[in-house]
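Reviewing the structure listed below.
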Amino acid sequence: MRFNVILQVVAQEVVRPLLAQWRSSLPGTEAEQRELTRQLWAAFVQSFEAERGPPPGSMIDPSTDPTTTWCPFPGGLAQVVVQPDRWVGWFTVVRRVVVVDLNFSPGLPQPVG
């Protein structure tokens with residue numbers, strides 16, 4: 001049976017200041033930065049839509065609870081939680097991907113301790 005997947009990619013509230021810092025680091029005027037941010041975010045979401053989940057090059061981090069995945073993000077990596085699918089009809093599910101952290105330094109963040 002074939003069904004439709006509605007993909008939602010959202011940023012957790014605590015990530016919004018990191019997104020603002022990222023946007024301000026982009027080249028151009030404030031208006032150009034906003035437009036570039038929209039374009040780059042759309043490309044990030046499209047990479048999930050193409051795969052119906054984390055894009056190629058993503059790395060699962062089983063040390064977190066719930067398990068997270070580090071995914072390519074423009075200029076760095078995004079840590080995401082893919083929530084369980086939620087049926088919204090006979091043939092449609094919503095798959096929600098929540099960005100819980102961003103990392104713009106080289107490599108993956110190292111565990112503390």
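Separation of atoms CG (Leu18) and CG (Asp101) is listed at 6.5 Å; rounding is to 0.5 Å. To the nearest 0.5 angstrom, Leu26 atom CG is 5.0 Å from Leu36 atom CG. Of the inter-residue distances, the one linking Phe48 atom CZ with Leu7 atom CG reads 8.0 Å to the nearest 0.5 angstrom.
A side-chain hydrogen bond (donor to acceptor under 3.5 Å, both in side chains) check over residues 45-59, counting only residues at least two apart or in different chains, returns nothing. Applying the salt bridge (charged side-chain N to carboxylate O under 4.0 Å, His left out) rule to pairs touching residues 86-97 yields Asp85-Arg95, sequence neighbours excluded. The list of side-chain hydrogen bond (donor to acceptor under 3.5 Å, both in side chains) pairs with a residue in residues 34-44, not counting sequence neighbours, reads Glu30-Arg34, Glu35-Arg38, Glu35-Gln39. The salt bridge (charged side-chain N to carboxylate O under 4.0 Å, His left out) analysis of residues 61-76, with sequence neighbours excluded, yields no pairs. Sorted by first and then second residue, the salt bridge (charged side-chain N to carboxylate O under 4.0 Å, His left out) pairs with a member in residues 66-78 form an empty list; sequence neighbours excluded. Listed by first and then second residue, the salt bridge (charged side-chain N to carboxylate O under 4.0 Å, His left out) pairs involving residues 11-20 are Glu13-Arg16 (not counting sequence neighbours).
Annotation: side-chain hydrogen bond (donor to acceptor under 3.5 Å, both in side chains) contacts of Thr68 (sequence neighbours excluded): Thr64, Gln79. Taking Arg23 as the reference, nothing meets the salt bridge (Lys or Arg N to Asp or Glu O under 4.0 Å) condition, with sequence neighbours excluded. Among residues two or more places apart in sequence or in another chain, the salt bridge (Lys or Arg N to Asp or Glu O under 4.0 Å) test is passed with Glu32 by none.
Across Pro62 and Ile60, no two heavy atoms sit closer than the pair CD-O, 3.3 Å. For Pro56 against Pro72, the heavy-atom pair with the smallest separation is O-CG, 3.8 Å. Of all non-hydrogen atoms in Phe44 and Cys71, the two that sit nearest each other are CE1-CB, 4.5 Å.
Counting only distance, with no hydrogens or angles, the side chain of Ser24 and the backbone of Gln21 share a donor-acceptor pair below 3.5 Å.
Considering only heavy atoms from C-beta on, Val97 stays 4.5 Å or farther from Thr69 through its side chain. Residues Leu102 and Leu19 form a side-chain contact, since some pair of their non-hydrogen atoms from C-beta on lies under 4.5 Å apart. A 4.5 Å side-chain heavy-atom check between Phe73 and Leu40 finds every atom pair outside the cut-off. Considering only heavy atoms from C-beta on, Val80 stays 4.5 Å or farther from Trp70 through its side chain.
Val10 belongs to a hydrophobic cluster whose other members, connected by ILVMFWY side-chain contacts under 4.5 Å either directly or through intermediates, are Val81, Val98, Val100. When hydrophobic side chains of Ile, Leu, Val, Met, Phe, Trp and Tyr are connected at separations under 4.5 Å, Val88 ends up clustered with Ile6, Val94.
Between Phe3 and Trp87, the gap from one ring centroid to the other is short of 6.0 Å.
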